[in-house]
Amino acid sequence: MSDVDKGDIIVLLNKIGKLLEIKGESPFKSRAYFNAAALLETLSEDMGTLIEEDRLKDLKGIGNALNKKITEFYRTGRLEYYESLKKEYPESLLEILNVPGVGPKKVGTLYKQFGIKTVGELEYACIENRLTELPGFGEKTQKKILDGIKQYKKYQGRYLYSDAYGQAEMIIDHLNTLGCIDKLEIAGSLRRKKETIGDADILASSDKPNEVMDAFTTGKYVSDIIEKGDTKSSIYTGLGIQVDLRVIKPEEYPYALQHFTGSKEHNVALRHRVKRMGLKMNEYGLFKADGTNVPVSGEAGLYRAIGLEYIPPEMREDMGEIEAAADNNLPKLVTDKDIRGIIHVHTNYSDGKCSVEEMAYRARDLGYSYICITDHSQSAFYAGGLKPDEVLRQWEEIDKLNNKDFGIRIFKGIESDILPDGSLDYPEEILKGFDIVIGSVHSNFGMTEKDMTARVVKAINNKYLTILGHPTGRLLLSREGYSIDMQEVMEQAAKNKKIIEINASPYRLDMDWRLLKKGKEMGILFSICPDAHNLEGLEDMKYGVGIARKGWLEKDNLLNCMDADSILKKCKRE
DNA sequence: GCCGTTTTCGGCCCGACTGTTTTCAGTCG
C-alpha cells in the first residue's frame, strides 16, 4: 500500500494534462486528463474503495487507459508513464505556465529551441534579448513575458477576496459617474465569492463602449494598461490586481453576466446540457438551431429557459448544482440577514484592540442580538491569554453589562488552545463556567497528520468543547494548514454533536467551503465566526456568509442563525 | 484519451485580443 490519496491523483492528472499540452499532443487527449481530475474532485466516495472494487472505470470520463494509470499510481505511489513523460518534458516547465501571457505552446517552443526549463532561465533569456530570434516571437512578446514574470514573482498572481473586492468596488464607483452605462456589475470569481482571486471581472452594458473603455483605462487606480479593445480591456491596479472590464450591448446583458460569472467548469457543463437540448449558448445569447435567439428576462430567466432553477453565483462550481437545479432541489442559501449573533470576538483582555463594552455596542449597532466574547486562553502567552483570575474578572464585567440591559446579550466564552496532547487549557471548574468554548490549535503545527488528527479528535470528545475553531489553521496565500484528516474530524464532530467554525476572517476562511456540503450531509452544525480583534473585524461576517453559501448551507445548518436562548440550550453540557 | 437518441470512428464548448502575420496561432477566460 502506498499513501496516495485523491488529492495526489488529481494533482498528477493535471500535471500530465499540462505536460501533454506542452508536448503538443492532441488537445482532446490532455483535456481527458483535466476532465478526469475535475471529476475526481467532485467525488465524495473513498478512492481506495473505488479502486479495490474496480468501479473506477464506471465513472463517465475514465476509460481503460486512465483506469489503469490511476490504479498503478494509487497502488505503487508511482506512474511509469509520468516518469517517462517527465524525462522528455521536465516538471519544472509547469511553473512557467503560471507566468501571465505564457501558455503551453510557448513553453514547448522555448524548451525545444532554447532548453528553457525554469522561470529564471526564461527571465534571463528575455533580458539577453534572445526571444526575438524565434519565429512567432517579437519585441512585444518578449516585453510582455518579462512583465508577466515581474507580476508573477511579486504576487504569485493571487489575491485575497477582500482585497480584490475593494479594488473592484473602487472602479465601479468611478464608472458609475459616467452617464452612458446601463448596467454595471462585478462578475467572475469575485461574484462567486471565491476565497482567493486571480483577477477581477467587471461587466457593463452600454451603447457607447468607447467612452466606457476610455474612462476605465484612465482612472486613478490604473498602474498599467494590459490591453484595450471595444468589448474587453484589462488593467493592473495600484495593488497589482488585474481587472478585466467587458462592455456589451444592453440586450446581451443576462447572457453575458451568466457567461462571465463562470465558473468555467459550470459553464462547460451548462453548455453540454444546452447542446443536448439542441440549442447553442454563448455570451451573446441562447440560440436555436436556426440561429434565432431565445429571449430571456434576466439571468434567472436564462436559467429558466434551459429548464433550471436559478443557481446563485456562489454555487456555480460544477459541484452538483446543475443536477440539483434540474430537480428543483437547490438549497435555500443562508443570507446575511439570517445571522442573529456573533461568536468568536477578542477584546483588550487578550490581543484585541477594544473593550468588551465597545465590541458589544458595535455588534448591537450592526443589528445583532448577542455576542460571545472569546479571548485567548492562558497558554497563548504570545496573545496575552487569560489566567484564571482574569477570566473571573471578565465574567464579572460581562455580568455587570448584561444587568444594564443595553440591547444585546453578552455570552461568556473562550478560545481555548487545544494543547499538543489534545486537552483544553483550563481546569474543569473554569471550563464549566463558559457558555461557549471554542477549541483551536495555535501551536505545534508540525505534527504528523495522524498525531494532529488524534489531538483534535481528543478535544472534540471533551465535553466542554462547543466549537472547533479554524479547523486547519491555514492563512490564505501565506501558510498551508496543518495536516489533518478532515474526514475523521467531521465524523467525530457529527458523532459528538460538536459545532465546526467557519472562520470569517478574509485571511482564513477556514473551514474550506469544498467540505461544507459533505459536512451538512453528515448533519454537522456550523458557526460563522468573525474572529474579530477590533470593531472593523465584526464586519468580516459577510465573508463567512459567502463561504457558507458556497458550501450550500442553509440557516438551519448554522448555530448563529438561532436566537440567544436556543443557542444556550444547544450549547448546554449534560 | 473518452464516448455513443449523430457515431465503435470521428467528433470533443465558445469567442476576444494581441502580436506577428499577410490569414492565423497563442493565450485567456
> Can you tell which of B:dC12, B:dT20, B:dG1 lies closest to the side chain of A:His272?
Replying inline: B:dC12
Contacts under 3.5 Å, N or O only, protein and nucleotides 3-9 of chain B:
{"from": "B:dC3", "atom 1": "OP1", "to": "A:Gly61", "atom 2": "N", "distance (Å)": "2.5"}

> Do side-chain atoms of A:Asn267 reach the backbone of A:His259 as a donor and acceptor pair under 3.5 angstrom?
Replying inline: yes
> Between B:dC17, B:dC13, B:dG1, which one does the side chain of A:Arg271 approach most closely?
Replying inline: B:dC13
> Would you say the side-chain atoms of A:Glu123 and A:Tyr152 include a donor-acceptor pair closer than 3.5 Å?
Replying inline: no
>> Let's see if you can work this out: which of B:dC12, B:dG15, B:dC2 has an atom nearest to the side-chain heavy atoms of A:Arg31?
In response: B:dC12
> With a non-hydrogen cut-off below 4.0 angstrom, is A:Val102 in contact with a base, only sugar-phosphate, or nothing?
Replying inline: sugar-phosphate
>> Does A:Asn267 reach a base, just sugar-phosphate, or nothing at all? Heavy atoms under 4.0 Å.
In response: nothing
> 5'-most contact on DNA chain B: A:Asn67 or A:Phe260, nearest heavy atom basis?
Replying inline: A:Asn67
>> I'd like to know if A:Asp318 pairs up with A:Lys264 as an ion pair, taking the criterion as any Lys NZ or Arg NE/NH1/NH2 lying under 4.0 Å from an Asp or Glu carboxylate oxygen.
In response: no
>> On the nucleotide B:dA16, are OP1 or OP2 found under 4.0 Å from the side-chain N or O atoms that A:Lys228 carries?
In response: no
> Contact class for A:Pro104 vs. all strands (heavy atom < 4.0 Å): base, sugar-phosphate, or nothing?
Replying inline: sugar-phosphate
>> Tell me whether the side-chain N/O atoms of A:Arg246 come closer than 4.0 Å to OP1 or OP2 in B:dG29.
In response: no
>> Less than 4.0 angstrom between a side-chain N/O of A:Ser26 and OP1 or OP2 of B:dG1, yes or no?
In response: no
>> Looking at B:dC17, I'd like to know if its phosphate oxygens (OP1 or OP2) sit under 4.0 Å from a side-chain N or O belonging to A:Ser234.
In response: no
>> Heavy atoms only, 4.0 Å cut-off, all strands: where does A:Lys280 land among base, sugar-phosphate and nothing?
In response: sugar-phosphate
>> Can you see whether A:Tyr82 engages A:Glu91 through a side-chain donor-acceptor pair at a distance of less than 3.5 angstrom?
In response: yes
>> Taking side chain to side chain contact (heavy atoms under 4.5 Å, CB included) as the definition, give me every residue that meets it alongside A:Asp540, ordered by chain and number, with sequence neighbours left out.
In response: A:Pro506, A:Tyr543
>> Quick test of your reading: applying salt bridge (charged side-chain N to carboxylate O under 4.0 Å, His left out), list the pairs with at least one residue in residues 196-206 of chain A, sequence neighbours left out, ordered by first then second residue.
In response: A:Asp201-A:Arg246
> What nucleotide, of B:dT18, B:dC13, B:dG1, holds the atom closest to the side chain of A:Ala32?
Replying inline: B:dG1
> In terms of side-chain heavy atoms of A:Asp199, which of B:dG19, B:dG29, B:dT27 is nearest?
Replying inline: B:dG29
>> With a 4.0 Å limit, can you tell me whether A:Tyr284 has a side-chain N or O closer than that to the phosphate oxygens OP1/OP2 of B:dC14?
In response: no
> Mapping A:Gly229 and A:Lys140 to their closest nucleotides on DNA chain B, which lands nearer the 5' end?
Replying inline: A:Gly229
> Does OP1 or OP2 of B:dA16 have a side-chain N or O of A:Lys232 closer than 4.0 Å?
Replying inline: no
>> Within the 3.5 Å criterion, strictly below it, is a donor on A:Tyr255 or A:Asn293 matched to an acceptor on the partner's side chain?
In response: yes
> Of all the nucleotides listed (B:dC14, B:dG29, B:dG1), which has the minimum atom distance to the side chain of A:Asn282?
Replying inline: B:dC14
> Which base sits across from B:dT8 as a Watson-Crick or G-U pair, both distances under 3.5 Å?
Replying inline: none
>> Of the options B:dG19, B:dG1, B:dC17, whose atoms approach the side-chain atoms of A:Ala65 most closely?
In response: B:dG1
>> Donor-acceptor pair, distance only, cut-off 3.5 Å: does the side chain of A:Glu227 make one with the backbone of A:Lys232?
In response: no
